[in-house]
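Down below is the structure, laid out as structure tokens.
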Amino acid sequence: MSARAQRLIEYADDELILGWRDSEWTGIAPSLEEDVAFSSIAQNEIGHARALYELAARDLGVTADELAFDRAADEYLCAPLVELRRLDWAHTIARHWLYETADELRLAALKESDDEEVAGLAAKMDREEVYHRLHAQMWAERLHEEPRFVAAVRDLWPYAVGVLPEDLRPALAKRLDLPGDTVSRGERGGHSDELRSLWEEMTMVRRSVPGATW
């Protein structure tokens, strides 16, 4: 696999898995407004995943759906932060804030890429991700003194470090005012125990009739 394809798939896997996790709030969010907001954010993340998979799939001679749903659970390249199932609001907002901040730095780097296709897609995604960041920042400011939120950020920060390559991690720590010497607990290539059950749900239809087209 080329370095470009791997980078695209890593990013796409992050967006796909996080989109599925965010979608778990549909119907049970703390308010109707947040139910709609998180459903919309989840849909955007999955849409971004598809766009990234399509670029990688063309390089690899496969389809975006094959990359998204036909791999084994241990073949996904996502950061463990996005796999974690945390159905409490404090952890959900903490992850939302941590991930969106990291994603802003990742997109900024990709927009400077010499690869025009990657840079163009990153610019398009960034315009849409602005609204995710505004939503995350609004909640982070609202909850910043709430003990459960503070504890959730502390719990998830070592996982958030693993979202970015090492050269971007100091900027993330500075942006969030969090410890820059934190040891990552969530590097790509290692998966949490919670990915398997999500994978089974996510790929159920594809696995029900192998080889079918939809």
Side-chain angles (χ1 to χ4, degrees), residues 1-23 41-83 99-130 132-133 159-169 171-172 184 186-192 195-196 198-214:
M1 182 187 300
S2 68
R4 166 179 144 129
Q6 178 163 330
R7 181 174 60 172
L8 290 167
I9 292 171
E10 288 176 352
Y11 195 172
D13 286 352
D14 281 353
E15 296 281 285
L16 177 66
I17 300 301
L18 184 62
W20 277 77
R21 284 302 186 212
D22 285 347
S23 74
I41 289 168
Q43 187 176 38
N44 278 347
E45 302 290 24
I46 293 171
H48 293 165
R50 180 168 189 85
L52 291 159
Y53 283 135
E54 285 175 344
L55 278 188
R58 195 182 65 206
D59 291 353
L60 298 172
V62 296
T63 67
D65 285 341
E66 286 175 293
L67 288 176
F69 301 120
D70 290 354
R71 288 176 291 156
D74 61 4
E75 293 178 317
Y76 283 75
L77 303 177
C78 52
L81 174 71
V82 302
E83 302 171 7
Y99 180 84
E100 295 300 342
T101 307
D103 196 35
E104 182 178 10
L105 294 171
R106 173 167 55 186
L107 283 169
L110 289 178
K111 287 193 295 183
E112 297 301 317
S113 172
D114 293 334
D115 186 322
E116 293 184 1
E117 283 190 310
V118 170
L121 178 56
K124 180 179 185 297
M125 290 171 58
D126 192 42
R127 290 192 292 271
E128 298 170 354
E129 290 284 354
V130 167
H132 300 194
R133 295 195 290 267
Y159 290 95
V161 170
V163 172
L164 294 176
E166 291 190 11
D167 62 311
L168 293 178
R169 294 177 186 182
L172 179 63
S184 172
E187 294 294 336
R188 298 182 191 277
H191 293 293
S192 69
L195 178 62
R196 181 73 191 187
L198 177 60
W199 175 86
E200 289 177 352
E201 175 186 333
M202 191 173 70
T203 63
M204 184 184 303
V205 173
R206 289 280 291 190
R207 289 183 292 110
S208 65
V209 186
T213 56
W214 308 93

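Numbering of residues begins at 1 and proceeds along the displayed sequence. Just so you know, these numbers use all the heavy atoms, side chains as well, and skip hydrogens, waters and symmetry mates.
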Original post:
What pairs with Asp22 under salt bridge (charged side-chain N to carboxylate O under 4.0 Å, His left out), at least two apart in sequence or on another chain?
Top reply: none
**OP:** Verify side-chain contact (heavy atoms from CB on, under 4.5 Å) between Lys124 and His48, making sure each step is shown before the conclusion.
**Re:** CA-CA 9 Å; Lys124 180 179 185 297; His48 293 165; 5.9 Å; no
With rounding to the nearest 0.5 Å, note down the distance linking [atom1] in [X] to [atom2] in [Y].
X: Leu107; Y: Glu100; atom1: CG; atom2: CD; result: 9.0 Å
X: Tyr99; Y: Glu45; atom1: OH; atom2: CD; result: 5.5 Å
X: Arg21; Y: Leu198; atom1: CZ; atom2: CG; result: 4.5 Å
X: Ser192; Y: Leu81; atom1: OG; atom2: CG; result: 10.0 Å
X: Met125; Y: Asp103; atom1: CE; atom2: CG; result: 6.0 Å
X: His132; Y: Asp126; atom1: NE2; atom2: CG; result: 11.0 Å

Heavy-atom pair with the smallest gap, counting every atom of [X] and [Y]:
X: His191; Y: Ala73; result: NE2-O, 3.9 Å
X: Ala160; Y: Leu172; result: O-CD2, 4.1 Å
X: Glu83; Y: Gly190; result: OE2-O, 4.4 Å
X: Gly186; Y: Pro80; result: O-CD, 3.1 Å
X: Ile9; Y: Leu67; result: CD1-CD2, 4.1 Å
X: Ala79; Y: Gly162; result: CB-O, 4.0 Å

Subject >> Minimum side-chain heavy-atom gap Tyr76-Met202 below 4.5 Å >> reply: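 Contact flag for Tyr76/Met202 side chains = yes.
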Original post:
Do Arg207 and Trp199 come close enough that some side-chain heavy atom pair is under 4.5 Å?
Top reply: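 Arg207 reaches Trp199 side chain to side chain.
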Donor-acceptor pair, side chain of [X] and main chain of [Y], under 3.5 angstrom:
X: Thr203; Y: Arg206; value: no
X: Trp20; Y: Ile46; value: no
X: Asp13; Y: Leu77; value: yes

Original post:
Where do Asp14 and Arg188 land on the side-chain contact (heavy atoms from CB on, under 4.5 Å) test, with the steps shown first?
Top reply: CA-CA 10 Å; Asp14 281 353; Arg188 298 182 191 277; 2.7 Å; yes
Original post:
Does Glu201 have any side chain to side chain donor-acceptor pair (under 3.5 Å) partners at least two apart in sequence or in another chain, and if so, which?
Top reply: none
So, are [X] and [Y] salt-bridged, with charged N and O less than 4.0 Å apart?
X: Asp115; Y: Arg7; answer: no
X: Glu54; Y: Arg50; answer: yes
X: Arg106; Y: Glu129; answer: no

Original post:
Crowded around Glu187 CD? As in, over 12 foreign heavy atoms under 6.0 Å?
Top reply: yes
Subject >> Pair Asp65-Tyr53, side-chain hydrogen bond (donor to acceptor under 3.5 Å, both in side chains): steps then yes or no >> reply: CA-CA 8 Å; Asp65 285 341; Tyr53 283 135; over 6 Å; no
